[in-house]
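Okay, so here's the structure we're looking at.
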Amino acid sequence: LHDALPISNGRAEPLPPSETLVYEVRYGSLLAGRLTRTLHVDGSHYALHSELEPAGVASWIGDDRLVEHSQGRLVEGISEPREYRFDDDRKDRHYRYIFDPQLSLVQDNHPDPDIPMHAGLQDEVSVLQALRHALLHGATNFGAAVVNGAKGRAYQHHYEVAGSETVTVPAGEYAVLRVTRVTSRGKYRMTFWCAESLDFAPVRISRVDPKGREVTMHLAARNPPETR
């Protein structure tokens with residue numbers, strides 16, 4: 001299920017032991033939310049926490065949050081999820097996924113059947129760390145099966161480096177790789193602008209739905225600051 005190219009001359013340093021990324025979420029020109037993603041690494045184990053909260057115009061109509069949490073092992077720097085939680089207050093969906101390699105299943109409380117487990121299976125939070133790891137190693141293509149928390153199914157994701165450029169976001173100006181994503185679900189087109197100076201963390205993310213409506217996320221702050 002992986003189609004990353006062989007490791008080339010990329011920078012093979014590990015990701016930072018802790019990191020917080022804060023994004024402004026915009027619908028067109030309007031501020032609609034704030035996304036905070038936190039990574040903690042303790043030896044061979046990781047924990048990733050993602051929390052989307054309303055801001056700007058969206059905060060006028062509610063304070064519902066979308067929270068995702070992934071934890072598991074790091075094997076040669078690559079995330080192997082063992083637990084993934086998905087909590088969507090607005091739609092009252094609360095699911096917990098347990099990755100059990102012995103049973104070759106992802107067990108969950110989603111109404112759909114359990115998900116068959118494959119080598120390299122990721123969740124919606126850990127897959128971005130896996131992408132960063134691939135970019136750090138010089139890959140220009142990367143693929144993985146990914147558990148979708150809302151749907152309770154695994155979809156194939158394929159990422160491809162489409163070019164390099166410079167972008168400006170609230171956190172500053174960055175030289176980036178532009179990475180496109182397509183999935184077997186086929187609902188959204190996504191693009192990630194990943195900054196080498198931030199270990200290829202995305203500084204801008206674009207999501208376009210089938211009707212052409214775009215939501216963008218712009219990095220507003222990072223702790224720690226640039227790694228190089």
Side-chain angles (χ1 to χ4, degrees), residues 1-21 23 37-50 68 70-82 84 99 101 117-147 154-167 169 171-184 189-206 217 219 222-228:
L1 290 173
H2 284 276
D3 55 356
L5 293 183
I7 292 173
S8 62
N9 294 322
R11 209 160 43 93
E13 299 171 14
L15 295 173
S18 64
E19 174 188 64
T20 299
L21 303 168
Y23 296 88
R37 286 185 168 169
T38 304
L39 164 69
H40 291 291
V41 176
D42 182 6
S44 62
H45 294 84
Y46 78 87
L48 284 160
H49 187 81
S50 175
E68 296 173 274
S70 172
Q71 61 187 41
R73 301 170 61 233
L74 290 171
V75 179
E76 297 183 353
I78 301 174
S79 50
E80 288 191 356
R82 288 295 180 264
Y84 170 53
F99 293 66
M117 187 168 173
H118 305 283
L121 184 66
Q122 300 290 329
D123 57 57
E124 290 276 5
V125 184
S126 68
V127 68
L128 285 183
Q129 297 303 122
L131 171 63
R132 292 173 67 179
H133 182 270
L135 294 175
L136 280 165
H137 285 76
T140 57
N141 288 272
F142 170 73
V146 179
V147 172
Y155 296 95
Q156 186 70 22
H157 288 206
H158 178 73
Y159 299 82
E160 183 172 352
V161 175
S164 59
E165 56 193 80
T166 300
V167 299
V169 294
E173 182 179 282
Y174 298 94
V176 300
L177 293 180
R178 186 175 75 257
V179 180
T180 58
R181 189 201 81 176
V182 295
T183 75
S184 57
R189 290 185 291 111
M190 293 194 70
T191 306
F192 303 82
W193 286 261
C194 300
E196 182 177 6
S197 65
L198 302 183
D199 296 314
F200 291 107
V203 297
R204 185 173 186 265
I205 302 170
S206 167
M217 305 179 196
L219 185 69
R222 178 183 188 267
N223 184 28
E226 290 192 8
T227 58
R228 52 175 291 175

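None of the values given here were measured: they were computed from a predicted structure. For the numbers below, each heavy atom of this structure counts, side chains included, while hydrogens, waters and symmetry mates do not.
In this structure, Tyr23 contributes its side chain and Arg37 its backbone to no donor-acceptor pair below 3.5 Å. Checking side-chain atoms of Arg132 against main-chain N and O of Leu198 turns up a donor-acceptor pair under 3.5 Å. When atom types are taken as modelled, the side chain of His133 and the backbone of Glu76 share a donor-acceptor pair closer than 3.5 angstrom. When atom types are taken as modelled, the side chain of Asp42 and the backbone of His45 share no donor-acceptor pair closer than 3.5 angstrom.
Closest approach of Ala201 and Glu19 over heavy atoms only: CB-OE2, 4.4 Å. Heavy-atom minimum distance, Phe99 versus Pro81: CB-O, 3.2 Å. Contact detail for Ile205 and Pro202: the closest heavy-atom pair is CG1-CB, 3.8 Å. Here the closest non-hydrogen pair linking Ala145 and Leu121 is O-CD1, 3.4 Å. Nearest heavy atoms, Glu124 versus Val127: O-CG1, 3.8 Å. Residues Ser70 and Asp123 come closest through the heavy atom pair OG-OD2, 2.7 Å.
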Side chain to side chain contact (heavy atoms under 4.5 Å, CB included), that's the test. Do Thr140 and Leu177 meet it? Break it down for me. CA-CA 10 Å; Thr140 57; Leu177 293 180; over 6 Å; no
Begin from the C-alpha positions of Val179 and Phe200 and carry the test side chain to side chain contact (heavy atoms under 4.5 Å, CB included) through to its verdict. CA-CA 11 Å; Val179 180; Phe200 291 107; over 6 Å; no
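Interatomic distance, Tyr159 OH to Thr183 OG1, rounded to the nearest 0.5 Å: 9.0 Å. Note that CZ of Arg181 is 10.5 Å distant from CG of Leu131, once rounded to the nearest 0.5 Å. Leu21 CG to Thr38 OG1: the interatomic distance, rounded to the nearest 0.5 Å, is 8.0 Å. Here the CD atom belonging to Gln129 is positioned 5.0 Å from the CG atom belonging to Leu39, to the nearest 0.5 angstrom. One finds the OG1 atom of Thr20 at 9.5 Å from the CZ atom of Arg222 (value rounded to the nearest 0.5 Å). Note that OH of Tyr46 is 11.0 Å distant from CZ of Arg73, once rounded to the nearest 0.5 Å.
Remark: Arg178 pairs with Glu165 by the salt bridge (charged side-chain N to carboxylate O under 4.0 Å, His left out) rule, at least two apart or across chains.
Side-chain contact between Val176 and Cys194 is absent, with no heavy atoms from C-beta onward closer than 4.5 Å.
Each of Gln122, Gln71, Glu68 was scored for a side-chain hydrogen bond (donor to acceptor under 3.5 Å, both in side chains) with Tyr84, with one residue passing: Glu68.
Around CZ of Arg82, the count of heavy atoms belonging to other residues, nucleotides or ligands within 6.0 Å exceeds 12.
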